[in-house]
Q: 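The structure follows.
Residue numbers run from 1 in the order of the sequence given.
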Amino acid sequence: MPQTIYEVCFIFVIYACIGWCVEVAYAALELGVFVNRGFLNGPYCPIYGVGVLIVIEILMPLKDNLFILFIGSVLLTSVLEFTAGFILEKAFHNKWWDYSDLPFHIKGYVCLKFSVLWGLSCCFIIRILHPLLFGMVRFIPKTIGIFIVIGAVLSFAADFIVTVNAILKLNRRLAIIEEAALKLKEISDDIGEIIFERTEEVIEKRDDVYQAIEKKKAEYETWSRRYKELLEERISGHNRLLSAFPKMKSLYANDALLKLRDHWKKTEKDRKEQEK
């Protein structure tokens, strides 16, 4: 097991990068295309680094009992995934993954299928992979290793700031899209009320009613343009987040998120067809 802060940080960096590779490989097998998976933009998933470190620290003494190791891995990784999902949802008001469509899930944060896969993976890591990687870490000259670790951690920190900023902008964007959609519906309802529920007024005061309808139409066109601009606006990081988390749900503006994702998919499809 890692004994120093340097070794802990190096192991964290290694498994963060391996975790990203696993996520990308799984997405490639499932979707047939490259998707930059993970919360951050770079080729790393820090949650894997943290998770594996915790698993190693707690379960390494059980490595000789494969059954207990597997059960412990399933339970521990399930707790970690549930906790991470819950914290991310409360912090950013989005549910980043959702296993609700899979059997034996808990609040959509964890499910039996992936808990078993995490358990098997941890058994492989603790009994086979980690001893090899830990030996490699100790083989690398410490001076070089320190530069690698510092560079990686600084990259994580900068990436985290950029990603959080993109998420906050995305949430604001979704809120405005939701407001625009509600406003368009409200204006449509007002026009319908003017036309269908004021028949006598239409007959007696045609000019006034006509002006009211024209005013509502102009207001509708303004909000319609704004709504279209919000959907078509290209903001750094937003498309990657939509791609990386295809089952992401917004707690307060999910209809807007679904519309934005549908528009993004259509735009990507049209772009690919034009490139052919």
Side-chain angles (χ1 to χ4, degrees), residues 23 27 31 35-42 45-47 50-51 78-103 105-111 114 156-193 216 219-269:
E23 287 284 350
L31 305 174
V35 178
N36 183 7
R37 297 293 290 267
F39 186 73
L40 302 181
N41 295 289
C45 292
I47 189 173
V50 174
S78 297
V79 170
L80 291 172
E81 187 173 26
F82 186 96
T83 302
F86 180 81
I87 291 174
L88 287 173
E89 180 177 331
K90 295 305 178 184
F92 299 109
H93 310 301
N94 295 311
K95 193 168 188 175
W96 297 93
W97 61 85
D98 188 5
Y99 299 140
S100 297
D101 57 338
L102 297 176
H105 69 87
I106 302 176
K107 302 288 188 180
Y109 295 127
V110 297
C111 69
F114 285 103
F156 291 172
D159 201 342
F160 180 78
I161 293 171
V162 171
T163 300
V164 169
N165 184 52
I167 292 170
L168 295 177
K169 287 183 179 179
L170 175 61
N171 287 343
R172 287 194 292 269
R173 182 183 183 186
L174 294 176
I176 298 173
I177 291 174
E178 191 83 358
E179 180 188 2
L182 291 173
K183 195 68 176 178
L184 289 172
K185 184 179 184 303
E186 179 185 321
I187 294 171
S188 296
D189 291 343
D190 289 344
I191 293 174
E193 182 181 343
K216 288 294 181 181
E219 189 177 353
Y220 184 91
E221 290 173 1
T222 299
W223 278 100
S224 182
R225 284 195 300 271
R226 179 58 176 151
Y227 183 77
K228 184 177 179 181
E229 289 170 357
L230 287 165
L231 290 178
E232 294 179 349
E233 189 176 9
R234 299 184 66 87
I235 299 178
S236 177
H238 287 189
N239 288 348
R240 191 200 69 80
L241 288 170
L242 293 174
S243 175
F245 296 95
K247 294 186 178 182
M248 179 174 66
K249 295 180 179 179
S250 172
L251 299 186
Y252 303 119
N254 200 52
D255 288 343
L257 177 59
L258 293 175
K259 291 184 178 71
L260 184 61
R261 182 182 287 119
D262 289 342
H263 180 79
W264 168 72
K265 287 182 178 178
K266 182 179 182 301
T267 302
E268 284 295 296
K269 182 180 179 181

Q: Check side-chain contact (heavy atoms from CB on, under 4.5 Å) between Thr267 and all other residues, then give those that pass, not counting sequence neighbours.
A: His263
Q: Can you name the salt bridge (charged side-chain N to carboxylate O under 4.0 Å, His left out) partners of Lys169, sequence neighbours left out?
A: none
Q: Which residues pass the side-chain contact (heavy atoms from CB on, under 4.5 Å) test with Phe160, not counting sequence neighbours?
A: Phe39, Leu40, Val164
Q: List for me each residue that meets side-chain contact (heavy atoms from CB on, under 4.5 Å) alongside Leu170, sequence neighbours excluded, and say none if there are none.
A: Leu174, His238, Leu241, Met248, Leu260
Q: Say you draw a straight line from OG1 of Thr163 to CD1 of Ile167; how long is it, rounded to the nearest 0.5 Å?
A: 6.5 Å
Q: Among residues at least two apart in sequence or on other chains, which ones pass side chain to side chain donor-acceptor pair (under 3.5 Å) with Glu81?
A: Tyr99, Trp118
Q: Name all pairs fulfilling the side chain to side chain donor-acceptor pair (under 3.5 Å) condition that reach into residues 252-262, sequence neighbours left out, sorted by first residue then second.
A: none
Q: With sequence neighbours left out, what residues match Lys249 under salt bridge (charged side-chain N to carboxylate O under 4.0 Å, His left out)?
A: Asp98
Q: What are the two closest heavy atoms between Ser100 and Gly108, and how far apart are they?
A: OG-CA, 3.7 Å
Q: In chain order, what residues pass the salt bridge (charged side-chain N to carboxylate O under 4.0 Å, His left out) check against Glu186, with sequence neighbours excluded?
A: Lys183
Q: Compare every heavy atom of Ala175 with every heavy atom of Ala253, then report the nearest pair and how far apart it is.
A: CB-N, 4.4 Å
Q: Give a yes-or-no answer on whether the side chains of Ser243 and Asn239 include a donor-acceptor pair shorter than 3.5 Å.
A: no
Q: How far does CD1 of Ile47 sit from CD1 of Ile87, to the nearest 0.5 angstrom?
A: 9.0 Å
Q: Going by the side chain to side chain donor-acceptor pair (under 3.5 Å) test, which pairs reach into residues 84-94, not counting sequence neighbours?
A: Glu89-Tyr109, Asn94-Asn171
Q: Among residues at least two apart in sequence or on other chains, which ones pass side chain to side chain donor-acceptor pair (under 3.5 Å) with Lys107?
A: none
Q: For Ala181, enumerate each residue passing the side-chain contact (heavy atoms from CB on, under 4.5 Å) test, keeping only those at least two apart in sequence or located in another chain.
A: Tyr227
Q: Do Leu257 and Ile177 pass the side chain to side chain contact (heavy atoms under 4.5 Å, CB included) test, and can you show the C-alpha distance, the side-chain angles, and the key distance before you say yes or no?
A: CA-CA 9 Å; Leu257 177 59; Ile177 291 174; over 6 Å; no
Q: Among all residues two or more places apart in sequence or in another chain, which pass the salt bridge (charged side-chain N to carboxylate O under 4.0 Å, His left out) test with Lys228?
A: none
